[in-house]
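Every heavy atom of this structure was used, including side-chain atoms; hydrogens, water molecules and symmetry mates were not. Labels below follow one simple rule: chain letters A, B, ... track the order of the sequence lines, proteins then strands, and each chain is numbered from 1.
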Amino acid sequence: MALKYRAPRGTNDLTYPSSEKFTAVVEAACGIMSLYGYQRIVTPIIESTDLFRRSIGESTDIVTKEMYSFEDRGGEWLTLRPEGTAPVVRAFLEQGLASKGLPQKLYYAGPMFRRERPQAGRFRQFFQIGAEAIGSRDPFGDAEIIAISDHLFKHLGLEGYSLLLNSVGCSDCRPAYVAQLGEFLTRVRDSLCVDCKRRADENPLRVFDCKNESCRQAVAEAPGIGDALCPDCTEHFDGVKRHLERMSIPFGIDPRMVRGLDYYTNTAFEFQFEGLGAQNTVSGGGRYDYLAEELGGPATPGVGYSLGIERLIMVIQAQGLDPFNPPGLDLYVAGAPGTDRDRLLEILMEMRRAGVSADADTMERGLKAQMKQADRLRARLVMIIGPDELERGEATVRDLDRSEQWTVPIKQATPRVKDYLARAERPPAEDKDSDG
RNA sequence: GUGGACGUAGCUCAGUUGGUUAGAGCGCCGGGUUGUGGCCCCGGAGGUCGGGGGUUCGAAUCCCCUCGUUCACCCCA
């Protein structure tokens, strides 16, 4: 409310059970990348500002207005990473990973930062997973990178998405095309909106993105990049399409799709979902054959993608697919009035050491309140220990899902509990949480 | 950076043309059950009505400013 400290704009707190679901989705995605032979790489969240300026491009939106940059106390300019590819390629070069054999297939998962106005599906801190295959220019690598997202979506049971594909050419054919397009735009400049006039100067390809009707009409006759590709690029693009077809991954060609990072060459792609609001791209990526060179390393081709976990979770929710049950506690150790609490806590620790997730009351509350707490923690079992049980060397064990209870000798409690937990299935809990 | 919508309890929201101690449901704490959760019943705690200023005898309600949230543009995951 009128609290003094709040999470910064565009950042979010994730609490249980959303936090557990979030983790489960990330783990599912990482599991699939392992399936494709990718290995995790963990890079710093801060990098030198210059790394991003050089790689993403001086004139891009990210570099000109969205980076969180600061000068540290030693006078060095650092930036909170706005994307994952440049850091991975930097690490690839710095660690000499090429000597470990090519291609290097690396995946990452972590927060990214961009200072934009937040809206549905857009945050200032957001969580991306992604993968980079560095070293090969084979179109199969492009198709494989694309297949990861498709595989994950199908694994999660999602539908209503489409894959858009384009080739933005190489250093041979793209400049010629951009020049050709620029020339065309000069001729129709009068019918372009103010934004598009600016785009025509800064990045002509972006004019295709405009939703303004007069702009759309004006560029309808514009030359397409497909016709401008050099033979090498055409062949590569055909290869990507062929592999996707053989993988039975449907796609559409969008000759007007441009991506916002300058380092892309050849393949560019996006996965878009229906019914997501304005930010409907969940996953996207492409090839970057000059990036390693640009960063001062040997010429090394690469291809990669990244996927926004928050957007993915939005889709899962929108499609009513939430198979994930947040984990509950195995056991709650409850004490009846007058029991020896020290003995209780001993049993608690014994259970934990045996691998049983367990908790106990530390608020000196009555048994009823402890039972309620056990229920809230979604405990499967409650072990009730009172003075008389201790005297008999027994404990009452209650299954909260089935409302049945029995007694076990305290000395055998741990193996008995473990044994019970290993059997009986848990009924699915009704989910009171809606945000994730 | 630009534009629209919205800010009342931890959450979701009522609040009649401005009128006296600001309400509900859920959640939380306690009791009904001197040792048993989820259902039911009873009680309780919890709110500078986002903040500031103004109009008025009187403002949650009207006006201005400000902060925040949200959706959209730009662009992207």
Side-chain angles (χ1 to χ4, degrees), chain A residues 1-4 6-10 12 15 56 60-66 82-85 109-130 149 193-196 198-199 202-203 206 209-212 257-261 270-273 276-285 305-315 332 334-339 363 365-389 395-405 427 429-430 432-435:
Chain A
M1 294 275 37
L3 278 173
K4 189 173 175 186
R6 313 168 53 92
R9 167 174 284 180
N12 293 106
T15 61
I56 297 171
T60 58
D61 279 11
I62 292 178
V63 170
T64 56
K65 54 189 193 193
E66 295 174 2
E83 62 102 35
T85 299
M112 304 295 164
F113 306 83
R114 291 182 203 170
R115 214 208 103 102
E116 301 179 87
R117 278 285 281 269
Q119 71 186 72
R122 168 187 294 160
F123 312 96
R124 289 183 172 184
Q125 175 176 335
F126 54 102
F127 200 97
Q128 275 191 345
I129 57 158
S149 296
C193 67
V194 278
D195 283 335
C196 281
R198 176 178 53 78
R199 291 183 184 118
E202 290 176 2
N203 192 345
R206 292 234 163 274
D209 283 342
C210 191
K211 283 150 192 156
N212 186 305
M257 183 181 62
V258 198
R259 314 208 71 253
L261 296 82
E270 284 186 6
F271 280 92
Q272 300 186 348
F273 276 79
L276 249 204
Q279 262 57 51
N280 61 354
T281 300
V282 170
S283 170
Y305 86 102
S306 65
L307 180 150
I309 292 292
E310 291 87 352
R311 289 185 186 176
L312 180 60
I313 288 173
M314 284 170 71
V315 176
Y332 193 88
T339 201
M363 307 240 308
R365 286 197 279 208
L367 182 59
K368 181 176 177 151
Q370 294 179 61
M371 292 297 291
K372 204 169 175 178
Q373 179 68 3
D375 191 55
R376 263 196 294 253
L377 295 172
R378 297 197 55 222
R380 291 183 67 176
L381 299 175
V382 175
M383 181 177 281
I384 302 164
I385 304 173
D388 32 329
E389 271 104 338
T396 299
V397 175
R398 181 178 177 86
D399 183 324
L400 289 186
D401 298 329
R402 303 182 176 196
S403 301
E404 294 166 4
Q405 64 185 50
E430 79 277 21
K432 292 168 188 164
D433 180 70
S434 58
D435 66 2

Exercise. Please measure how far the C1' atom in rG46(B) lies from the corresponding atom in rG52(B), and state the result in whole Å.
Key: 26 Å
Quiz item: With sugar-phosphate meaning primed atoms plus P, OP1 and OP2, does Thr339(A) contact a base, only sugar-phosphate, or nothing at under 4.0 Å between heavy atoms?
Solution: nothing
Exercise. Rounded to whole angstrom, note down the C1' distance from rA60(B) over to rC41(B).
Key: 34 Å
Run the side-chain donor-acceptor check on residues 113-121 of chain A: report pairs under 3.5 Å with partners two or more places apart or on a different chain.
{"from": "Arg114(A)", "atom 1": "NE", "to": "Pro82(A)", "atom 2": "O", "distance (Å)": "2.8"}
{"from": "Arg114(A)", "atom 1": "NH2", "to": "Pro82(A)", "atom 2": "O", "distance (Å)": "3.0"}
{"from": "Gln119(A)", "atom 1": "OE1", "to": "Arg122(A)", "atom 2": "NH1", "distance (Å)": "3.3"}
{"from": "Gln119(A)", "atom 1": "NE2", "to": "Gln279(A)", "atom 2": "OE1", "distance (Å)": "2.7"}

Quiz item: Which part of the nucleic acid does Leu261(A) contact within heavy-atom distance under 4.0 Å: base, sugar-phosphate only, or nothing?
Solution: sugar-phosphate
Quiz item: Using the C1' atom in both, what is the distance from rU61(B) to rG23(B), to the nearest Å?
Solution: 15 Å
Exercise. Assess whether one donor atom and one acceptor atom, taken from the side chain of Asp375(A) and the base of rG37(B), lie less than 3.5 Å apart.
Key: yes
Quiz item: For Arg122(A) and rC74(B), is the shortest distance between a side-chain N/O and OP1 or OP2 below 4.0 Å?
Solution: no
Quiz item: Hey, mind stepping through Gln272(A) and Val282(A) against side-chain contact (heavy atoms from CB on, under 4.5 Å) and telling me if it holds?
Solution: CA-CA 6 Å; Gln272(A) 300 186 348; Val282(A) 170; over 6 Å; no
Exercise. Between rG7(B) and rG15(B), how far apart are the C1' atoms? Round to whole Å, please.
Key: 15 Å
Practice problem: Find which nucleotide of RNA chain B each of Ser283(A) and Asp399(A) is nearest to by heavy atoms, and output the residue with the more 5' nucleotide. | Solution: Asp399(A)
Exercise. Say whether Glu389(A) and Thr396(A), considering side chains only, have a donor N or O and an acceptor N or O under 3.5 Å apart.
Key: yes
Self-check item: Side-chain-base donor-acceptor pair under 3.5 Å for Gln405(A) and rU36(B)
Solution: yes
Exercise. Determine the Euclidean distance between corresponding C1' atoms of rU17(B) and rC13(B); express it in Å to zero decimal places.
Key: 23 Å
Quiz item: If only atom types and distance count, is the side chain of Thr339(A) paired as donor or acceptor with the main-chain N or O of Gly335(A) below 3.5 Å?
Solution: no
Self-check item: Protein-to-nucleotide contact annotation, 5' to 3' order, nucleotides 67-72 of chain B [B base; S sugar-phosphate only; - none; under 4.0 Å, heavy atom]
Solution: -SS-SB
Quiz item: With a 4.0 Å cut-off on heavy atoms, is Gln373(A) in touch with a base, just the backbone sugar-phosphate, or nothing at all?
Solution: nothing
Quiz item: Can you find a pair of side-chain heavy atoms, one from Met371(A) and one from Leu400(A), that are under 4.5 Å apart?
Solution: yes
Set out, line by line, the N/O atom pairs under 3.5 Å between protein and nucleotides 26-28 of chain B.
{"from": "rC28(B)", "atom 1": "OP1", "to": "Arg376(A)", "atom 2": "NH1", "distance (Å)": "2.5"}

Quiz item: Are the side chains of Pro111(A) and Phe126(A) in touch, meaning some heavy atoms are under 4.5 Å apart?
Solution: no
Practice problem: Quick one: list whatever passes side-chain hydrogen bond (donor to acceptor under 3.5 Å, both in side chains) with Arg398(A), sequence neighbours left out. | Solution: Gln405(A)
Quiz item: Base, sugar-phosphate, or nothing for Glu389(A), non-hydrogen atoms under 4.0 angstrom?
Solution: base
Quiz item: For the side chain of Gln370(A) and the backbone of Arg365(A), is there at least one donor-acceptor N/O pair under 3.5 Å apart?
Solution: yes
Self-check item: Asp399(A) backbone acceptor or donor facing Arg380(A) side chain under 3.5 Å
Solution: no
Quiz item: Who pairs with Lys65(A) by salt bridge (charged side-chain N to carboxylate O under 4.0 Å, His left out), at least two apart in sequence or on another chain?
Solution: Asp61(A)
Quiz prompt | Expected output: side-chain Glu83(A) to main-chain Met112(A) donor-acceptor under 3.5 Å | solution = no
Quiz item: Taking both distances under 3.5 Å as the test for a Watson-Crick or G-U pair, what stems of at least three pairs does RNA chain B have?
Solution: B:1-7 with B:67-73, B:10-13 with B:23-26, B:28-32 with B:40-44, B:50-54 with B:62-66
Quiz item: Checking all strands, does Arg115(A) fall into the base, sugar-phosphate, or nothing category for heavy-atom contacts under 4.0 angstrom?
Solution: sugar-phosphate
Quiz item: With a 4.5 Å limit on heavy-atom distance, are the side chains of Ile384(A) and Val382(A) in contact?
Solution: yes
